[in-house]
Amino acid sequence: MRARHAIAHGDLAAVRRDSERSAQLFRELGDEWGQLQTVFPLATLSEIAGDYAEAARLHREGLAIAERLGLRTEASKRLSGLGRIALLTGDFAQARTAHEQALRLAHEHSFRSGELDARIGLGLGARREGDLEGAERHMRELLTWFRGADYGPGVTLALAELGFAAELRGDAAAAHALHAEGFDVALGLGDARAMALALEGLAGAAATAGQHRAAATLLGAAATARASVGAPLPPGERRDVDRVSAAARGHLGEETYTTAFEEGARLSPERARDQATSPAAGPTAGSRPPGSGPTGTHTPR
């Protein structure tokens with residue numbers, strides 16, 4: 001529980017310290033249930049660092065323990081973890097299969113938390129595969145639940161995904177509003193990674209509206225926010241940032257883009273957010289039609 005709280009607030013150093021120590025103690029005691037409780041934080045740290053092989057190994061190890069102990073709800077969690085890694089490594093079919101298995105298992109045992117994890121994975125996968133309607137359906141339902149439960153990390157994730165979907169539909173104003181709301185929630189949590197995600201989303205909204213210099217500045221601020229907690233974006237989570245960056249570079253040229261990016265890198269997240277202006281309402285002229293173009297995703301957790 002302590003590790004989950006630290007993850008929610010972006011204290012990754014505390015997560016690593018406590019989780020590694022706990023795992024060592026439980027191994028020495030031969031306590032498999034205890035070892036199972038350390039899988040989530042340790043796998044999350046590996047995922048954040050881009051070490052997907054290690055994250056998958058931990059989830060597989062946890063799944064084996066859960067099955068030996070007959071802990072079906074824990075098995076559901078580990079299946080979602082494996083689905084998440086498959087998603088990040090581009091195996092969309094395997095990601096769908098694992099998340100669907102996790103959802104069925106969680107539903108059979110009335111395990112609400114496991115159902116939410118699986119639904120998150122299915123929503124993330126839908127956007128990556130270009131199914132914006134499916135992604136938005138999952139994320140709207142999740143957003144309603146997370147708001148009702150007052151679970152800030154879930155709210156920031158759902159808002160970010162809905163914001164990116166709006167951007168990919170060409171609706172810069174809606175994307176800006178969703179990411180701006182997500183930033184405010186992340187600021188309240190004090191989570192630098194969640195604030196960075198919102199800034200990246202605001203950059204996408206700006207680029208869709210033709211505000212390419214602003215997009216570059218926001219991306220610079222987001223990179224600094226991530227670096228401040230030692231968690232730069234790993235390769236599997238760079239799709240949105242690379243897409244927005246490519247659009248801004250294409251319009252500005254390398255020199256102007258770099259200058260704007262470096263200006264943003266000197267701003268605090270709050271200052272960068274304050275400088276992000278809202279585009280006019282409605283789909284931007286000349287923007288991509290719904291569902292077109294490459295898709296991507298991010299999980300701040």
Side-chain angles (χ1 to χ4, degrees), residues 1-16 18 40-41 44-45 47-48 112-113 116-117 119-120 123-124 136 138-167 173-206 214-215 217-233 237 240-241 244 264-279 297-301:
M1 181 65 71
R2 181 175 175 179
R4 288 175 183 271
H5 177 80
I7 289 173
H9 290 271
D11 190 351
L12 302 184
V15 175
R16 183 171 299 282
D18 294 343
F40 168 74
T44 298
L45 289 171
E47 179 186 320
I48 290 170
R112 183 59 170 166
S113 177
L116 292 170
D117 281 351
R119 289 288 299 277
I120 288 170
L124 294 172
E136 288 171 326
H138 283 297
M139 289 300 163
R140 287 193 190 102
E141 293 178 8
L142 287 163
L143 179 59
T144 297
W145 193 92
F146 287 135
R147 279 176 168 161
D150 194 25
Y151 182 59
V155 171
T156 62
L157 172 60
L159 287 170
E161 284 298 305
L162 288 168
F164 282 122
E167 176 215 325
H176 179 97
L178 288 159
H179 289 301
E181 183 181 353
F183 183 92
D184 292 341
V185 176
L187 181 62
L189 293 172
D191 187 343
R193 292 173 58 239
M195 283 186 271
L197 175 59
L199 291 175
E200 289 155 2
L202 288 168
T217 300
L218 287 160
L219 290 177
T224 294
R226 291 188 181 280
S228 73
V229 291
L233 271 177
E237 298 187 50
D240 288 312
V241 167
V244 175
R266 293 190 290 270
L267 297 177
S268 68
E270 297 93 325
R271 184 70 181 276
R273 160 66 182 89
D274 289 343
Q275 290 187 10
T277 58
S278 178
T297 188
H298 175 88
T299 56
R301 306 291 154 260

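Once rounded to the nearest 0.5 Å, the distance linking CG of Leu219 with CG of Asp240 reads 10.5 Å. Taken from CG in Leu162 to CD in Glu167, the straight-line distance is 13.0 Å, to the nearest 0.5 Å. Interatomic distance, CD of Glu200 versus CG of Leu233, reported as 5.0 Å (0.5 Å rounding). Interatomic distance, Ile48 CD1 to Arg226 CZ, rounded to the nearest 0.5 Å: 9.5 Å. One finds the CG atom of Leu178 at 11.5 Å from the CD atom of Glu161 (value rounded to the nearest 0.5 Å). Rounding to the nearest 0.5 Å gives a distance of 12.5 Å between CG of Leu116 and NE2 of His138.
Minimum interatomic distance between Leu202 and Ala276 (heavy atoms only, all atoms of both residues): CD1-CB, 4.4 Å. When every heavy atom of Ala166 is checked against every heavy atom of Glu136, the shortest pair comes out as N-OE2, 4.3 Å. Of all non-hydrogen atoms in Val229 and Ala192, the two that sit nearest each other are CG1-CB, 3.9 Å. Closest of all the heavy-atom pairs between Ala173 and Pro279 is CB-O, 3.8 Å.
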### Task
Let me see the working for Thr156 and Leu197 under side-chain contact (heavy atoms from CB on, under 4.5 Å), right down to the final yes or no.
CA-CA 9 Å; Thr156 62; Leu197 175 59; 5.8 Å; no
### side-chain contact (heavy atoms from CB on, under 4.5 Å) evaluation trace for Ile120 with Leu157
CA-CA 9 Å; Ile120 288 170; Leu157 172 60; 3.6 Å; yes
### Message
Let's go through Arg119 and Trp145 carefully: what are the C-alpha distance in whole Å and the side-chain angles of both, what is the deciding distance for side-chain contact (heavy atoms from CB on, under 4.5 Å) to 0.1 Å, and is it a yes or a no?
### Response
CA-CA 12 Å; Arg119 289 288 299 277; Trp145 193 92; over 6 Å; no
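With sequence neighbours left out, the side-chain hydrogen bond (donor to acceptor under 3.5 Å, both in side chains) criterion links Ser228 to no other residue. Under the rule for a side-chain contact (heavy atoms from CB on, under 4.5 Å), the partners of Thr277 that lie at least two apart in sequence or sit in another chain are Gln211. Among residues two or more places apart in sequence or in another chain, the side-chain contact (heavy atoms from CB on, under 4.5 Å) test is passed with Leu187 by Phe183, Met195, Glu270. Listed by chain and residue number, Leu143, Val155, Leu159, Glu181 satisfy the side-chain contact (heavy atoms from CB on, under 4.5 Å) test with Arg147 (two or more places apart in sequence, or in another chain). Considering only residues two or more places apart in sequence or on other chains, His176 meets the side-chain hydrogen bond (donor to acceptor under 3.5 Å, both in side chains) condition with none of them. Scanning for side-chain contact (heavy atoms from CB on, under 4.5 Å) contacts around Ala272 gives Leu199, Leu218, Ala221, Leu267, with sequence neighbours left out. In terms of the salt bridge (charged side-chain N to carboxylate O under 4.0 Å, His left out) criterion, Arg273 has no residue partners (sequence neighbours excluded).
In this structure, the side chains of Met139 and Leu124 come closer than 4.5 Å at one or more pairs of heavy atoms.
Tyr151 and Phe146 have tilted rings, their planes meeting at an angle from 30° to 60° on a 0 to 90° scale.
The environment of Arg271 atom CZ is sparse: at most 12 non-hydrogen atoms of other residues, nucleotides or ligands sit within 6.0 angstrom.
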